[in-house]
2 protein chains.
Amino acid sequence: MTVADEAAILALPFTVRRLRSGAFIAREGDSPQQTCVLLSGFAIRHKLAGDGGRQIFSIHMRGDVVDLHNSLLRWSDHNVQALTEVEAAFIPMSSIKRLIVSHPLVAYLLWYETLVDGSIFREWTLNVGRRDGRARLAHVLCEFALRLKMAGLGEQNDYELPMSQDELADVLALSPVHVSRVIKALSAEGCITKTKRTIRIDNWALLRQIGDFDPRYLHYNGSRG
Amino acid sequence: MTVADEAAILALPFTVRRLRSGAFIAREGDSPQQTCVLLSGFAIRHKLAGDGGRQIFSIHMRGDVVDLHNSLLRWSDHNVQALTEVEAAFIPMSSIKRLIVSHPLVAYLLWYETLVDGSIFREWTLNVGRRDGRARLAHVLCEFALRLKMAGLGEQNDYELPMSQDELADVLALSPVHVSRVIKALSAEGCITKTKRTIRIDNWALLRQIGDFDPRYLHYNGSRG
DNA sequence: CGACGATTTGAAATCAGTCAAGAGCAGTGG
DNA sequence: CCACTGCTCTTGACTGATTTCAAATCGTCG
């Protein structure tokens, strides 16, 4: 990326807004006019099945460009919602589209971000499809630990998981009751200690093994792009 | 897209190769040097869990740019494999990358393709996470019918499903045995008739309802981009 | 204290997986 | 034309994981 590219990014118009927990950033079916970068707090993407079941696809944190997927398509195919109180910068799609055309390297970088996102989606699908409840939870706890650390938001072995067990259930595609039991199981094995929403990882190696966790899918390499 | 953009696409160097069923187009961990457009046949993307379980993420058919996801990242995070005998055009990544930088609108179009792909991924995750076996199968059969029709490869109500029940099991995240039972159940309800690999849809409305299928996630609008 | 929401627990029911055997079908070679 | 082989699919019986329902507990807050 050149100096001119950076300047173009910094010149993008934006407005910062604070959203309450639960506020929708995008709704399925919407035709989105803006995209959004998280400055603080957490957001989720999810979709509802016809019977009301909800599947959460990803959790986003500070620095994530949250809504490129939806924004570049004609209509949103899923919901984006604030999980906690959130501060976010909103950028008009028209500006982004102009930037993409005039600054190919920036476009490439944004595209790259959506591809990494895609890689994480795939791992989650594998997780939900081919691992049992215990492994699923272990995997997600490992991923979250690492991503928080990567974003400079927490300790790998001691962090806040910003969601209720009901929400965790929709991440893991389990029932809330079973989530509770699986947490208990991992605790009993000496992997983790969960008090309220604080996760302490007591045995990283074991948790990683149970969760079949190999962080390569995060495509992390110390920098971005 | 301008005439110059189209010319640039047509000027891309490529080699056409025929691959046997089962041949790998990309392997997890590879550092890919080329991307690939399917000319005939079917390919799948999939990933293996530590215990050997396999999850198939998508099925590709004629016209699909199969490996952009992997190609633009430093290493492949999943496998791409020929499901049937396949004819494909391989294009060096270096050429694609040059094209992306010099022709922003082409980059946008390719990006768009990966986003639509992402939308389908999400629907599959929802499918696997939040629908039971019967609904999962119904959903996938609906999707495949429509995508074949969109690609001009078959009739919506009578088509070849190019995979064994073992492979279907890895699409649906079920066991092969259960796939067999679920097929039987949908047949008994008068939804479908399956003989060998031929699917006849006898009651589209019912199948669609059982599968909770709403095709909007395919982002199809008669043209591309 | 009382109320509410989130979590935990137990028991019963259901869905899907495993194992093992058999059936169907195509290809091969006698 | 008939074994024989190998593969895929089907079936039945059993097991195991997860869901559901309902009740109890816990913690927070007014």
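Naming convention: chains lettered A, B, ... in sequence-line order (proteins, then strands); numbering from 1 in each chain.
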- prompt: Does A/Arg122 count as lying over the ring of A/Tyr217, i.e. NZ or CZ under 6.0 Å from the six-ring centre, within 45 degrees of the axis?
  reply: no
message: Any side-chain to backbone donor/acceptor pair from A/Asp64 onto A/Met61? Under 3.5 Å, distance only.
response: yes
- request: Applying side chain to side chain donor-acceptor pair (under 3.5 Å), run through A/Trp111 and B/Thr114 and close with a yes or a no.
  value: CA-CA 9 Å; A/Trp111 186 357; B/Thr114 64; 3.3 Å; yes
task: Establish, with yes or no, whether the OP1 or OP2 oxygen of D/dT10 is under 4.0 angstrom from a side-chain nitrogen or oxygen of B/Gln165.
output: yes
- prompt: Between B/Lys196 and C/dG24, does any side-chain N or O lie under 4.0 Å from OP1 or OP2?
  reply: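 B/Lys196 to C/dG24 OP1/OP2: no side-chain N or O under 4.0 Å.
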- prompt: Which nucleotides of nucleotides 18-24 of chain D have their base under 4.0 Å from a protein heavy atom (B), which only their sugar-phosphate (S), and which neither (-), written as one string 5' to 3'?
  reply: SBBB---
Specify the separation, in whole Å, of atom [atom1] of [X] and atom [atom2] of [N].
X        : N      : atom1 : atom2 : value
A/Asp166 : C/dC4  : CG    : P     : 18 Å
B/Arg54  : C/dG17 : CZ    : P     : 15 Å
B/Asp170 : C/dG17 : CG    : P     : 11 Å
B/Arg197 : D/dC7  : CZ    : P     : 14 Å
B/Ile183 : C/dA16 : CD1   : P     : 14 Å
B/Leu137 : D/dC9  : CG    : C1'   : 15 Å

message: Just to verify, what does A/Asp214 make a salt bridge (charged side-chain N to carboxylate O under 4.0 Å, His left out) with, not counting sequence neighbours?
response: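 So A/Asp214 forms a salt bridge (charged side-chain N to carboxylate O under 4.0 Å, His left out) with A/Arg216.
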query: Do A/Leu126 and B/His46 have side-chain heavy atoms sitting under 4.5 Å apart?
result: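 They are not in side-chain contact.
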- prompt: Would you call the rings of A/Phe144 and A/Phe42 parallel, tilted or perpendicular if under 30° counts as parallel and over 60° as perpendicular?
  reply: tilted
